[in-house]
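Structure record follows, encoded as structure tokens.
Keep in mind that the numbers below use all heavy atoms, side chains included, and drop hydrogens, waters and symmetry copies.
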Amino acid sequence: MENVNLLIAFIVVTAFAVVIQAGILVALYLSVRKTSARMEALAVEVKSKALPAVETAQSLLVELRPKIESIAENLSRSTTLIRAQMERLDATVSDAIDRARLQVIRADELVNRTIDRVEETTEVVDRTVLSPLRRVTGLMQGVSTGLEVLFGRRRRQAGNGMGVPQDELFI
């Protein structure tokens, strides 16, 4: 009997365990069913809201793609043209700067040659005209002073008839 009681106890425990497992499975089934219903509702909402937006974005991309490619191509051409123009401008400016530099060098050489010639002319004039002129002037002043001294003494001695010295008459 003891074996029978023990057997009944095991059967009861096993039955209880099976009932608990069945309850867990029913709860799990209900939970999965609720989650499935929520997921279906969410999927319907995503389909109703997100799919039109995705389709609109795709159609917009299909429409804009040629325009974007055209803009990119135009930008590339413009960049190439601008680069070529900048290279031409750089060459032109460099050429102008080189020419201006050459003209400044020529002007500097011209001014230096002119100054040298003016200095040479000044020296030549000084040697050929002014120096002899100074000598002649000095000689004339010497002769004049000598004559004044010579004639001045005689006039002072003879008088000028007016009682005024000769130097005071010459004004």
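Summarising the geometry, atom CD1 belonging to Ile97 is positioned 12.5 Å from atom CZ belonging to Arg99; distances are rounded to the nearest 0.5 Å. With rounding to the nearest 0.5 angstrom, the CG atom of Leu139 is 11.5 Å from the CZ atom of Arg135. In this structure, Gln85 CD and Ile82 CD1 are separated by 9.0 Å, a value rounded to the nearest 0.5 Å. The distance from the CG atom of Leu25 to the CD1 atom of Ile20 is 12.0 Å, given to the nearest 0.5 Å. One distance of note links CG of Leu133 with CE of Met140; it measures 11.0 Å at 0.5 Å rounding. The line from CD of Gln141 to CZ of Arg134 is 12.5 Å long, rounded to the nearest 0.5 Å.
The backbone N or O of Ala91 lies less than 3.5 Å from no partner atom in the side chain of Asp95, so there is not a single donor-acceptor pair. Panel note: side chain Ser31, backbone Ala27; no donor-acceptor pair is recorded below 3.5 Å.
For the pair Ser48 and Pro52, the tightest heavy-atom approach, listed with the atom from each and the gap, is O-CG, 3.3 Å.
Between Arg113 and Asp116, none of the side-chain N atoms (NZ, or NE/NH1/NH2) sits under 4.0 Å from a carboxylate O, so this pair counts as no salt bridge.
Taking Ile, Leu, Val, Met, Phe, Trp and Tyr as hydrophobic and joining them when side-chain heavy atoms fall under 4.5 Å apart, one finds Leu102 isolated, its cluster having no other members. Leu110 shares a hydrophobic cluster with no other residue; no ILVMFWY side chain has heavy atoms under 4.5 Å from its own. Under the 4.5 angstrom side-chain criterion for Ile, Leu, Val, Met, Phe, Trp and Tyr, the cluster partners of Leu64 are Leu60, Ile68.
Hydrophobic clustering keeps Ile8 apart from Phe16 (ILVMFWY residues linked when any side-chain heavy atoms are closer than 4.5 Å, directly or through intermediates). By the criterion of side-chain heavy atoms lying less than 4.5 angstrom apart, applied directly or through intervening Ile, Leu, Val, Met, Phe, Trp or Tyr residues, Val111 is not grouped with Val118; the two fall into different hydrophobic clusters. Under the 4.5 Å side-chain contact rule for hydrophobic residues, Val12 and Val4 share a cluster.
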task = Determine, stepwise, if the pair Arg101 / Asp98 fulfils side-chain contact (heavy atoms from CB on, under 4.5 Å).
result = CA-CA 5 Å; Arg101 194 175 288 138; Asp98 290 343; 3.6 Å; yes
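Pairs of residues two or more places apart, or lying in two chains, that qualify as side-chain hydrogen bond (donor to acceptor under 3.5 Å, both in side chains) and include a residue from residues 66-78 are Arg65-Glu69, Glu73-Arg77.
Listed by chain and residue number, nothing satisfies the side-chain contact (heavy atoms from CB on, under 4.5 Å) test with Val104 (two or more places apart in sequence, or in another chain). For Thr79, the side-chain contact (heavy atoms from CB on, under 4.5 Å) partners at least two apart in sequence or on another chain are Leu75, Arg83.
Between Val32 and Met39, every side-chain heavy-atom pair lies at or beyond the 4.5 Å cut-off.
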